[in-house]
Amino acid sequence: MTTSADTREGAPVASSGRVRGPRKGTDLGQWKISGRTPLNHNEEFKAEENSLAVQQRIIEEYSRTGYASIPSDDVHGRFRWLGLYTQRKQGVEGANTSKLDAESLSDEYFMQRIRLDGGQLSTEQARVLGEISREFARGTADVSDRQNIQLHWIRIEDVPEIWRRLDEVGLTTLEACGDTPRVFLGSPVAGVEKNAVIDPSEELAALREEFIGNPEYVNLPRKFKTAITGSPTLDVVHEINDVSFVGVNHPELGPGYDLWVGGALSVAPRLGERLGAFVSRENVVPVWAGVCGIFRDYGYRKQRTKARLKFLLAEWGPEKFRQVLQDEYLGFELPDGPAPERAVGHSDHVGVHEQVDGNRYVGFALTAGRLSGDALVALADAAEAAGSRRIRLTPHQKVLVLDVPEDNVEGLIEAVQPLGLHAKPSPFRRSTIACTGIEFCKLAFVETKGLAARVIDDMEQRLTDVEILTPISLHINGCPNSCARIQTADIGLKGQYIGEEYVFQVHLGGGLASTDREEGGLGRTVRGLKVTADDLSDYVERVTRTFLGERQDDQSFAEW
Ligand code: SF4
């Protein structure tokens with residue numbers, strides 16, 4: 001049921017501009033100004049010890065004594081530094097969430113997030129992950145929209161063995177969650193893409209080497225997200241990261257990066273801003289340290305709802321931010337630089353593409369990011385049979401296989417199709433992403449991934465009479481936190497519980513810079529337009545047909 005007959009009816013409310021800094025005159029908990037006295041419980045337990053101490057405790061104690069023996073600050077707090085979140089107790093409805101505490105909502109199992117910086121996986125690593133999934137995670141393995149793999153149903157007793165196997169193949173879960181430098185998003189086609197502005201592989205490796213587990217940067221006010229790309233398709237959603245390095249050609253200085261800071265979504269979305277500064281290859285590490293250092297030292301630690309870097313940027317503005325970065329953290333001035341230029345090609349990299357060395361990379365769409373342990377093992381086998389050793393995950397919940405000789409491409413495509421991997425997907429299979437939802441997430445109101453799969457199937461059956469040349473993005477969230485980036489989708493859906501009904505609030509017309517639109521923009525909340533899960537396919541079909549019927553020339557969804 002929709003509460004509005006017209007798909008676009010209702011007063012649009014801009015989603016942008018809602019980010020405001022805390023009230024002036026209050027103690028904001030900024031280390032450089034207020035000192036380091038912890039002003040809330042999270043800050044207290046973060047100050048007490050670091051992730052390595054917790055890791056030892058899991059290995060030596062909790063894995064033997066079991067879930068019930070773990071203190072709350074560890075299980076619901078410090079464990080996140082190791083990528084471990086408690087999983088939602090099965091059968092607890094979303095409406096109860098606000099009335100229950102974390103302990104009541106959790107069962108004794110964990111989600112284990114494995115950080116894959118740049119989405120990089122060797123076939124050997126994919127096989128080990130698949131085997132871990134089959135043995136310890138009931139076969140689960142979801143691809144997140146931050147290039148991670150997420151396992152579910154993990155028991156604390158099995159965590160040391162999982163870490164041992166991951167470590168053997170060079171994988172880690174360190175700082176995969178929590179108030180830390182999360183996984184570094186990186187172009188999944190770095191080093192192989194034709195027409196790339198710059199190959200960021202060395203810079204990404206240096207960031208990993210310098211900063212994962214670096215004690216200077218483990219205790220941040222909130223999570224800190226990084227992205228780096230040299231792709232002209234702008235493929236790392238750079239506008240919604242705390243710091244982003246985007247490949248540009250400086251007219252005098254050559255290839256390097258344009259610096260963006262302060263992007264983030266959640267309930268108070270804000271796109272990142274350019275500082276107008278050019279970052280050379282050798283300055284990526286010090287500039288990252290400076291931006292993260294500003295966040296650590298000046299970030300607002302008193303209220304967690306105001307702690308992301310975007311709030312500080314909203315207060316300072318880009319000019320002051322750049323000045324503080326240069327004066328207090330770098331000790332030198334960054335040259336001015338150009339803005340990134342958009343080029344031909346879709347940033348999800350789905351389909352078959354020629355590499356710089358003449359081989360091909362092949363991008364596959366999943367169904368709303370759902371993979372499995374069996375599929376990971378079979379994908380590794382198929383990639384190797386096609387002559388590849390390299391797999392990549394993308395920030396659009398897609399999977400790429402690199403380095404495929406041209407003659408082996410069709411064989412690979414056929415081999416992985418039964419795994420649910422599509423190189424020529426339908427428009428909605430390609431452009432639908434969904435967050436974890438109520439299946440496992442404690443904050444969710446509604447189910448998401450199964451619903452996304454159903455809507456995709458329905459659109460494939462119903463929209464056979466129309467041609468959708470540019471996929472219409474459909475992003476589905478189980479709650480307002482926006483893990484599936486609803487404000488940056490053509491159609492964004494936010495799970496809510498209103499008036500004793502589970503519904504999706506509709507957002508329309510958002511998008512990020514890619515070939516789909518000139519520049520990123522946040523969608524508008526369509527006031528009064530709520531859709532239930534049962535009516536979602538009807539709604540998506542109706543809005544799609546209306547758009548295709550009304551659009552002028554090649555007008556985009558956002559321009560419509
Ligand atoms: Fe959970 Fe909400 Fe994030 Fe979905 S958007 S994964 S429901 S916190």
Side-chain angles (χ1 to χ4, degrees), residues 15 76-77 79-80 83-98 100-102 105-107 109-114 140-154 176-179 182-183 222-223 225 237 240-241 264-269 304-305 307-308 366-371 395-397 432-453 455 473-489 491-498 502-507 510 522-523 525 531 533 536:
S15 294
H76 298 297
F79 274 24
R80 296 175 187 179
L84 286 163
Y85 267 99
T86 50
Q87 159 173 314
R88 187 188 190 92
K89 190 178 277 185
Q90 299 295 292
V92 180
E93 286 195 336
N96 299 333
T97 303
S98 59
L100 296 176
D101 59 25
L105 275 168
S106 306
D107 61 21
Y109 298 99
F110 292 90
M111 178 270 281
Q112 172 75 82
R113 184 176 291 163
I114 291 115
T140 57
D142 287 337
V143 176
S144 80
D145 58 11
R146 293 199 64 80
Q147 297 179 291
N148 297 299
I149 289 274
Q150 294 183 177
L151 308 174
H152 296 282
W153 299 109
I154 299 297
C177 307
D179 298 347
R182 304 279 187 96
V183 61
R222 285 283 263 140
K223 60 185 129 182
K225 297 181 176 180
V237 294
I240 55 170
N241 283 267
L265 293 177
S266 196
V267 291
R304 287 185 67 72
T305 52
R308 288 293 297 274
L366 306 166
T367 299
R370 188 127 273 182
L371 207 56
H396 300 277
Q397 295 184 330
T432 299
I433 68 174
C435 76
T436 302
I438 205 166
E439 187 180 9
F440 298 117
C441 176
K442 298 194 297 286
L443 301 178
F445 292 107
V446 291
E447 198 277 336
T448 49
K449 285 192 183 286
L451 175 64
V455 173
S473 53
L474 173 66
H475 292 194
I476 304 178
N477 267 0
C479 83
N481 277 318
S482 206
C483 298
R485 315 195 294 247
I486 53 163
Q487 301 96 339
T488 65
I491 306 171
L493 298 162
K494 176 172 75 183
Q496 289 180 321
Y497 183 68
I498 296 179
Y502 296 99
V503 291
F504 290 96
Q505 166 67 54
V506 177
H507 298 249
L522 297 171
T525 304
V531 186
L536 189 54

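Computed from a predicted structure; not experimentally measured. All values below come from the heavy atoms of this structure, side chains included, with hydrogens, waters and symmetry mates left out. Just so you know, ligand 1 is whichever comes first in the structure, and atom 1 is the first atom listed for that ligand.
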- Backbone, side chain, both or neither: what part of S482 comes under 4.0 angstrom of ligand 1, heavy atoms only? backbone

- The protein N, O or S atoms lying under 2.8 Å from atom 1 (Fe) of ligand 1 are C441 SG

- Determine, stepwise, if the pair T432 / V455 fulfils side chain to side chain contact (heavy atoms under 4.5 Å, CB included). CA-CA 9 Å; T432 299; V455 173; over 6 Å; no

- Item | Salt bridge flag under 4.0 Å for residues K442 and D107 | no

- Query: Are F110 and F79 an aromatic pair by the rule of ring centers under 6.0 Å?
  - Reply: yes

- Message: Has T448 got a side-chain atom pairing as donor or acceptor with C435's backbone, closer than 3.5 angstrom?
- Response: yes

- Message: Can you see whether S482 engages Q487 through a side-chain donor-acceptor pair at a distance of less than 3.5 angstrom?
- Response: yes

- Message: Using the ring centroid of each side chain, check whether F445 and Y497 are separated by less than 6.0 Å.
- Response: no

